[in-house]
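Written below as C-alpha cells is the structure these notes are about.
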Amino acid sequence: MKKIHFMMRVFTMVLTGVVFAVAVFTMVINPTETVETKLFWQMPLVSALCTLTSLIYPWNREMSKKEIIVKTLIHYLLINAIVLGGGALFYWYDPSQVRNIAAMVLAITLIFGVVTAISWRKSAADAARMNEKLEEYQKKMQECSQTR
C-alpha cells in the first residue's frame with residue numbers, strides 16, 4: 001500500500017509539473033493560440049511512464065551514497081528519454097530545433113529536481129517520524145519490563 005501511495009504522490013507531482021511546463025512552453029517558448037485536446041491524454045501517459053521509473057529505487061533496503069547517485073543519474077536519463085521521446089512522438093516540439101530541445105531538457109531538469117527534492121524531504125520526514133515512534137515504543141517497553 002505504501003508503494004501505491006508513493007507512486008500516486010509522485011504521479012501527481014510529475015503531472016502538475018508537466019502541466020506547468022506545457023503552459024510555459026505554449027505561452028512563452030513556442031506561443032500557440034490553442035492546445036490540442038489530445039494533449040490531455042498524452043500528458044498523463046508520459047507522467048505515468050515517468051512515475052514508473054521511480055521503481056528503480058529499492059524499497060526493502062538502504063542504498064549507499066554511490067548507489068543513490070548512480071540510480072538518480074539513471075533515473076534522470078530515463079526521464080529524459082521518456083519525455084523527449086514522447087514529446088517527439090506526440091509532436092510537442094520540433095526535434096530539429098536546438099532551442100526547443102534545450103527548453104524541453106530545462107523543463108525536465110526543473111520538474112525532476114523539484115519532484116526529487118519533495119520526495120526526499122517527505123521520505124526524511126517519514127523516517128524521522130518512524131524513528132520517533134520506535135523510540136517511544138522502546139521506552140514504553142522498557143518501562144513495562146522495569147515494573148514487572
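Quantities reported herein were computed from a predicted structural model and do not represent experimental measurements.
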Discussion item. Are there over 12 heavy-atom neighbours, none belonging to Glu62, within less than 6.0 Å of that residue's CD?
Written reply: no
Discussion item. Under a 3.5 Å distance rule, please check whether Thr116 uses its side chain to pair with a backbone N or O of Gly113 as donor and acceptor.
Written reply: no
Worksheet entry | Over 12 non-hydrogen atoms of neighbours within 6.0 angstrom of CE in Met63 | yes
Fill in: Side-chain donor or acceptor of Trp120 paired with backbone N/O of Ala117 under 3.5 Å
no
Discussion item. Can you list everything that forms a side-chain contact (heavy atoms from CB on, under 4.5 Å) with Leu106? Sequence neighbours excluded, please.
Written reply: Leu110
Discussion item. Just checking Glu67: does its CD atom have more than 12 heavy atoms from other residues, nucleotides or ligands closer to it than 6.0 angstrom?
Written reply: yes
Worksheet item: Do Ile108 and Leu52 share a hydrophobic cluster (ILVMFWY, side-chain heavy atoms under 4.5 Å, transitive)?
Response: yes
Fill in: hydrophobic_cluster_shared for Leu89 and Val22, side chain cutoff 4.5 Å
yes
Worksheet item: Which residue pairs pass the side-chain hydrogen bond (donor to acceptor under 3.5 Å, both in side chains) test when at least one of the two sits in residues 86-102, sequence neighbours left out?
Response: Gln42-Trp92, Asp94-Ser96
Worksheet item: With sequence neighbours left out, what residues match Thr16 under side-chain contact (heavy atoms from CB on, under 4.5 Å)?
Response: Thr12, Phe20
Item to complete: Please check if Ile118 and Met7 belong to a single hydrophobic cluster, counting links between Ile, Leu, Val, Met, Phe, Trp and Tyr side chain heavy atoms closer than 4.5 Å.
Response: yes
Fill in: Cluster check Leu78, Val18: I/L/V/M/F/W/Y, side chain < 4.5 angstrom
no
